[in-house]
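Since the structure is predicted, the reported quantities are computational estimates derived from the model, not experimental observations. Naming convention: chains lettered A, B, ... in sequence-line order (proteins, then strands); numbering from 1 in each chain.
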There are 2 protein chains.
Amino acid sequence: MTTPLPGRPSRGSNSGQPIMALFDLLGRRWTMRLLWELRSGPKSFRTLQEACGGMSPSVLNTRLKDLRKSLLIENQPQGYALTSLGDHLMKKLDPLRDWSEDWSTALGKSD
Amino acid sequence: MTTPLPGRPSRGSNSGQPIMALFDLLGRRWTMRLLWELRSGPKSFRTLQEACGGMSPSVLNTRLKDLRKSLLIENQPQGYALTSLGDHLMKKLDPLRDWSEDWSTALGKSD
DNA sequence: CATCTTGCTTCTCTTATAGTAGCGGTGTTT
DNA sequence: AAACACCGCTACTATAAGAGAAGCAAGATG
């Protein structure tokens, strides 16, 4: 499957609106999780794989490719790392942590 | 597949941390998109389907089920609508629209 | 009665992801 | 040099998720 990028139609959207491309990109298994794991600093391919519970290397590789194409991560000597663009995105996603706590409570599974 | 909920292990995470369950839930095709479409008010099954470019009714149905279980949407007389919980989540996701514009620019596809 | 819309269900086919194995390269230790 | 340990992958098969078309039962409308 092709990497979803703003400016060109994505899955279920022929408008090419950036937000739709973003949902298409993030709405794939492991994508948000991977970015989340990289918040704490660069990680190697295998470290990432372990951090994600032994996720399939084939999928990991395709995700890493997509995220690189999307300029959200880059391959540095220390390993894969968020770009400043990716870092900004994660900062936008950060409030989700608080929300998910409330969510947990609402569902009566309040840890 | 089972609906990911906080408090129980989700795909790639045996911790049951709410944020992981959230990523698991949102990291599925159409999920974020559906919530996004409901921001503007309640929509019927078929309206939603059209809004999402004719997405498969089978998938739509399972997503709606999942989102109801997760208390993010509910079935009202006017159609499917965000719960207050779902509405709060969308407010947290709203800054993504701005970010995606910057993203678009960075990729040189500035609309 | 006939016709429309709505919320689905059922079916088959294709695509995405999981899971295991292993390669070639680099660096370090013996 | 040989052995090991790591690295970023690639190739393969098996299963699960999603696409796409058809249609059905229930309710409203003519």
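A:Ser58 contributes a side-chain N or O that forms a donor-acceptor pair with the base of C:dG19 under 3.5 Å.
Counting non-hydrogen atoms under 4.0 angstrom, B:Met1 reaches the backbone sugars and phosphates but no base. No contact: B:Thr62 has no heavy atom under 4.0 Å from any strand. Contacts of B:Ser56 with the nucleic acid, taken as non-hydrogen atoms under 4.0 Å apart, include base atoms.
The nearest heavy atom of DNA chain D to B:Gly54 and to A:Leu64 marks one nucleotide each, and the one closer to the 5' end goes with A:Leu64. Comparing A:Gln78 and B:Thr2 by the nucleotide of DNA chain D whose heavy atom lies nearest to each, the residue mapping closer to the 5' end is A:Gln78. Sequence order on DNA chain C of the closest nucleotides to A:Arg46 and B:Lys43 puts B:Lys43 first from the 5' end.
For the pair B:Tyr80 OH and C:dT6 P, the computed distance is 13 Å after rounding to whole Å. In this structure, CG of A:Asp24 is placed 13 Å from P of D:dG18, rounded to the nearest angstrom. If you take CZ of A:Phe45 and C1' of C:dG24, they are 15 Å apart, rounded to a whole angstrom. Atom pair B:Asn61:CG and C:dC11:C1' shows a separation of 15 Å (rounding to whole Å applied). Taking atom CZ of B:Arg63 as the reference point, atom P of D:dA17 lies 9 Å away to the nearest angstrom. D:dA21 atom P lies 16 Å from atom CG of B:Leu60, rounded to whole Å. Atom CH2 of A:Trp30 is separated from atom P of C:dT17 by 11 Å (rounded to the nearest Å). Across the protein-nucleic acid pair, B:Gln49 atom CD and C:dT6 atom P stand 11 Å apart, rounded to whole Å.
The aromatic rings of B:Phe45 and B:Tyr80 are tilted relative to each other, their planes meeting at an angle between 30° and 60°.
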| task | Go through A:Arg33 and A:Glu37 one step at a time and tell me if the salt bridge (Lys or Arg N to Asp or Glu O under 4.0 Å) criterion holds. | result | CA-CA 6 Å; A:Arg33 173 67 179 273; A:Glu37 296 293 343; 2.8 Å; yes
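With B:Gln49 contributing its side chain and B:Gly54 its backbone, the two residues share no donor-acceptor pair below 3.5 Å.
Rounding to the nearest 0.5 Å places CE of A:Met32 at 8.5 Å from CD1 of B:Ile19.
Listed nucleotides D:dC7, C:dA18, D:dG18 differ in distance to B:Arg29; the shortest reach to its side chain belongs to D:dG18.
The minimum heavy-atom distance linking B:Leu89 with A:Trp99 is given by the pair N-NE1, 3.4 Å.
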